[in-house]
There are 2 protein chains.
Amino acid sequence: MVRSRKESISACAARLFRKRGYQATSMRDIAEAESIKAASIYNHFKSKQEILSSLLLRMARLFTQGMQTVKTSGADPVGQLEQLIRLHVRLTIEHTDAIALIAGEWIHLEEPHLQEYRRMRDSYEAEFKEILNEGKQQGLLRDLATDIALFSMLSSLRWLYSWYSRNRDYPAEKLEEEMIATLLGGIKA
Amino acid sequence: MVRSRKESISACAARLFRKRGYQATSMRDIAEAESIKAASIYNHFKSKQEILSSLLLRMARLFTQGMQTVKTSGADPVGQLEQLIRLHVRLTIEHTDAIALIAGEWIHLEEPHLQEYRRMRDSYEAEFKEILNEGKQQGLLRDLATDIALFSMLSSLRWLYSWYSRNRDYPAEKLEEEMIATLLGGIKA
DNA sequence: CAACAAAACTAACGTTTGTTAGTTTACTAT
DNA sequence: ATAGTAAACTAACAAACGTTAGTTTTGTTG
């Protein structure tokens, strides 16, 4: 499989943005890692900002699509939560660098990308919360402060990239099961 | 209570570093927010880097001291975990901006501060893990992958500042109890 | 082989940045 | 009052940044 120069720049930028931060990574840094000159990047991206926004919005779209799949799966709330955990684990493994940017680097998005990103993130979290509430209502989840449970789950899932980076040999399947046990074990009725 | 200019600059920088990131915050930004000129900051700090490192190392020291208090308290492992959760909640409430920097901005620390920060963080996490292992050994905690449970708890605690910023009116006492229920509920035997 | 487009290059621009040097103002202690 | 220190100021520099313009190389297509 041949990876286009554009994709290669994207992956490279994701790695550097993650390691040093968006602002601390210069176009010259990215170019050097690609063995080209900074000006050449502008044949593929119209700005540094576009590199960041394309990375973040792609991840946001993958999560949004994943949520749609889960909600139309017909599973009960607990089953849906399991599917969401698997979604996070898989995206984390497949896009470790890009997903790391979700934790902090999204603040460097400029308009109109920032608004779009926030909208998708907020929708995702709202739908996640809905599933938790439904589970509680159906008696499948024990009584708990929904927004604290939500924030707690999302924190762990958001941070997973960091743990996975230090444990790359951990089998995906096993990681999914452990995450489900850890995150759902405490809230199931 | 009079807050010295130095403390005022620290608090101001923490707020800006959190909002825009360390690299994206200029000395002129901090100065303007303090209604002084950038050069005047150098009467209180010898560099921008020193502002960041003083903020982060202070928080690291507070956590290290808290851990020491907990370990010498004589409580059983579950009691110690409860105390640690309370520690995180309190420090989060008292130092919301500075604690937010722990999530991502520490990567901008330069040597030798970076090494010192990492050492304290790693020690803290190792001692946290020890308590989990002891709890498991004493049959107080159910069987689980210790490092995944550890990472999951720390993720939630690290992210707490974000939730708290959107829910500043939530009573501290109640937040402590909810966090204990959510984080320990799933792992107690 | 000729023609064209894609993608690399060199060179330079205007800004912004952290920091320094030197000077002036404000406050405090004798 | 005066001396001395702390903390503000003005002015400037050298480096690094994102980006642009214009040119050359590379690769493909008729």
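No experiment lies behind these values; they were computed from the predicted model shown. Each chain gets a letter, A, B and so on, in the order the sequences are listed, and its residues count up from 1.
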Among residues two or more places apart or on two chains, list those pairs meeting ring-ring contact (aromatic ring centres under 6.0 Å, His included) that have a residue in residues 164-189 of chain B.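 Pairs touching residues 164-189 of chain B that pass the test: B:W163-B:Y170.
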Quick one: ring-ring contact (aromatic ring centres under 6.0 Å, His included) pairs with a partner in residues 32-67 of chain B, sequence neighbours left out?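 The answer is B:F63-B:H88, B:F63-B:Y124.
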For [X] and [N], what is the distance between atoms [atom1] and [atom2] respectively, to the nearest whole Å?
X     : N      : atom1 : atom2 : value
A:K6  : C:dA7  : NZ    : P     : 10 Å
A:L16 : D:dC17 : CG    : C1'   : 16 Å
A:Q23 : C:dT17 : CD    : P     : 9 Å
B:Y22 : C:dT17 : OH    : C1'   : 12 Å
B:F45 : C:dG18 : CZ    : C1'   : 16 Å
B:M27 : C:dG18 : CE    : C1'   : 7 Å
B:K46 : C:dG18 : NZ    : C1'   : 14 Å
B:I30 : C:dT17 : CD1   : P     : 11 Å

Salt bridge (charged side-chain N to carboxylate O under 4.0 Å, His left out), that's the test. Do B:E34 and B:R5 meet it? Break it down for me. CA-CA 9 Å; B:E34 283 282 306; B:R5 189 23 79 79; 3.1 Å; yes
Pick out the pairs of N or O atoms, protein on one side and nucleotides 3-5 of chain C on the other, that lie under 3.5 Å.
none

Flag yes if more than 12 heavy atoms outside B:E111 fall under 6.0 Å of its CD atom; otherwise flag no.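 Counting neighbours around CD of B:E111, more than 12 heavy atoms of other residues, nucleotides or ligands fall under 6.0 Å, so yes.
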Tell me which pairs pass side-chain hydrogen bond (donor to acceptor under 3.5 Å, both in side chains) where either residue lies in residues 58-71 of chain A, with sequence neighbours left out.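 Pairs touching residues 58-71 of chain A that pass the test: A:K71-A:E130.
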Side-chain donor-acceptor pair under 3.5 Å between [X] and [Y], yes or no?
X      : Y      : value
B:Q80  : B:S73  : no
B:K136 : B:T146 : yes
B:R119 : B:S123 : no
B:E105 : B:H108 : yes

Go through B:E173 and B:R90 one step at a time and tell me if the salt bridge (charged side-chain N to carboxylate O under 4.0 Å, His left out) criterion holds. CA-CA 9 Å; B:E173 180 85 10; B:R90 283 172 196 160; over 6 Å; no
Quick one, give me the B/S/- string for nucleotides 7-13 of chain D, reading 5' to 3', where B means a protein heavy atom under 4.0 Å from the base and S means that only happens at the primed atoms, P, OP1 or OP2. BBBB-B-
Under 3.5 Å, N/O pairs linking protein and nucleotides 26-29 of chain C:
none

Please say which of B:I93, B:L87, B:L91 ends up in a side-chain contact (heavy atoms from CB on, under 4.5 Å) with B:V89.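 Single side-chain contact (heavy atoms from CB on, under 4.5 Å) partner of B:V89 among B:I93, B:L87, B:L91: B:I93.
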